[in-house]
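All values derive from a computational prediction rather than experimental measurement. FYI, side chains are in, hydrogens and waters are out, and symmetry mates aren't considered; it's all heavy atoms of this structure.
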Amino acid sequence: MSQESPPSPTGGAQTTALAQRNNLPTWADPDWQRFWLIVDQLAWRTLALIPAGEGAPPDFTLSLAVTLSRTGMTHKGGPIQVADGTQVPLRQLSGFLEDVRACSDAGQRVIVALSSAKTDPTIPAIAKTVDGVILCVLLGRMMDAEARATIKLVGASKFLGSVIIRPTEVPALK
């Protein structure tokens with residue numbers, strides 16, 4: 001798994017290689033801690049995790065969001081909310097966005113898990129309302145063309161970076 005950030009002020013892209021997990025709880029794994037510390041330095045109160053395309057399990061970004069939240073809570077010592085935006089129907093979109101905004105307005109950080117922008121019309125709308133988006137790539141299962149299409153649907157300026165996950169390293173929800 002590796003995490004790529006937008007180009008640094010010095011001109012080079014920042015990349016952090018993350019090794020395979022040990023038998024630690026996922027949020028205690030040094031790789032997840034490094035990922036959290038990079039994400040924590042970015043400017044966001046609301047952050048969406050969006051898959052680059054299809055090919056991942058249905059709970060892919062939700063499991064990533066929960067793991068990232070748990071890792072962040074061990075660092076910050078306070079709550080980091082997770083919002084499941086993977087299946088928000090149009091009739092519930094406004095209410096979902098109001099709930100996320102209420103948490104943010106109350107000073108809480110919120111990580112929003114999203115599903116594929118290609119298959120769900122509410123996903124780009126949700127992604128456009130958060131402070132930043134991380135593109136989540138499942139190595140060998142997602143196509144470059146789908147990633148480019150996702151970035152285009154959401155808008156390149158919303159993306160803070162990307163993370164590449166090996167299929168064997170997708171954390172399980174517990």
Side-chain angles (χ1 to χ4, degrees), residues 1-8 11-22 24 26-27 29-44 46-72 80 82-88 109-174:
M1 167 166 76
S2 68
Q3 196 275 340
E4 296 179 21
S5 300
S8 71
Q14 300 173 7
T15 302
T16 303
L18 302 177
Q20 279 191 310
R21 269 186 266 170
N22 301 327
L24 300 169
T26 307
W27 59 89
D29 186 284
D31 296 335
W32 277 96
Q33 291 176 1
R34 279 188 279 279
F35 180 42
W36 165 257
L37 291 169
I38 291 168
V39 169
D40 185 46
Q41 293 175 7
L42 303 172
W44 64 276
T46 55
L47 177 72
L49 303 182
I50 191 168
E54 296 182 22
D59 65 348
F60 175 59
T61 55
L62 184 58
S63 64
L64 297 178
V66 168
T67 302
L68 191 59
S69 171
R70 287 177 175 170
T71 305
I80 297 171
V82 172
D84 184 353
T86 59
Q87 297 180 24
V88 178
R109 280 181 147 181
V110 182
I111 301 173
V112 182
L114 299 176
S115 58
S116 172
K118 178 182 176 184
T119 59
D120 189 336
T122 63
I123 298 303
I126 295 169
K128 289 176 183 182
T129 65
V130 298
D131 298 327
V133 179
I134 300 288
L135 187 71
C136 302
V137 180
L138 189 56
L139 190 62
R141 304 256 178 101
M142 296 178 176
M143 309 294 283
D144 290 346
E146 288 182 308
R148 285 191 297 278
T150 297
I151 292 167
K152 186 175 181 179
L153 280 170
V154 172
S157 65
K158 293 302 280 188
F159 286 87
L160 302 176
S162 63
V163 63
I164 299 172
I165 313 273
R166 290 183 192 97
T168 58
E169 295 178 336
V170 176
L173 284 175
K174 295 178 184 174

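With sequence neighbours excluded, the residues forming a side-chain contact (heavy atoms from CB on, under 4.5 Å) with L139 are I164, R166, P167, listed by chain and number. With sequence neighbours left out, T86 forms a side-chain hydrogen bond (donor to acceptor under 3.5 Å, both in side chains) with D84.
The distance from the CE atom of M142 to the CD1 atom of I165 is 9.5 Å, given to the nearest 0.5 Å. Rounded to the nearest 0.5 Å, atoms OG1 (T61) and CG (L68) are 12.0 Å apart.
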Step by step, would you call W36 with T67 a side chain to side chain contact (heavy atoms under 4.5 Å, CB included)?
CA-CA 10 Å; W36 165 257; T67 302; over 6 Å; no

Let me see the working for I50 and I134 under side chain to side chain contact (heavy atoms under 4.5 Å, CB included), right down to the final yes or no.
CA-CA 6 Å; I50 191 168; I134 300 288; over 6 Å; no

Apply side chain to side chain contact (heavy atoms under 4.5 Å, CB included) to the pair L114 and L49, showing each step before the final yes or no.
CA-CA 6 Å; L114 299 176; L49 303 182; over 6 Å; no

Apply the test side chain to side chain contact (heavy atoms under 4.5 Å, CB included) to residues I123 and S115: give CA-CA distance (whole Å), side-chain angles for both, the deciding distance (0.1 Å), then the verdict.
CA-CA 7 Å; I123 298 303; S115 58; 3.5 Å; yes

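Residue Q87 qualifies as open at atom CD: its count of foreign heavy atoms under 6.0 Å is 12 or below. Other residues, nucleotides and ligands contribute only 12 or fewer heavy atoms inside 6.0 Å of the NZ atom of K118.
Shown are I80, L62, L64; of these, the side-chain contact (heavy atoms from CB on, under 4.5 Å) with I111 is made only by I80.
Counting heavy atoms from C-beta on, the side chains of I38 and D40 never come closer than 4.5 Å. By the 4.5 Å heavy-atom criterion applied to side chains, L160 and V133 are not counted as neighbours. Taking the side chain as every heavy atom from C-beta outward, V88 and I126 approach each other to under 4.5 Å. Contact of the F35 side chain with the V163 side chain is registered, since non-hydrogen atoms from C-beta on lie closer than 4.5 Å.
Among all heavy-atom pairs drawn from L138 and G55, the shortest one is CD2-O, 3.8 Å. Scanning all heavy atoms of the two residues, the minimum distance from F60 to V137 falls at CZ-C, 4.4 Å. Among all heavy-atom pairs drawn from P51 and S116, the shortest one is CG-N, 3.6 Å. For A48 against V130, the heavy-atom pair with the smallest separation is CB-CG2, 3.8 Å. Here the closest non-hydrogen pair linking T71 and Q33 is CG2-CA, 3.8 Å.
Sorted by first and then second residue, the side chain to side chain donor-acceptor pair (under 3.5 Å) pairs with a member in residues 120-142 read T46-D131, D120-T122; sequence neighbours excluded.
At distances below 3.5 Å, at least one donor-acceptor pair connects side-chain atoms of W44 with backbone N or O atoms of V39.
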Could you pull out all donor-acceptor pairs under 3.5 Å where a side-chain atom in residues 147-157 meets a protein atom, sequence neighbours excluded?
from : atom 1 : to   : atom 2 : distance (Å)
T150 : OG1    : A52  : O      : 3.0
T150 : OG1    : E146 : O      : 3.0

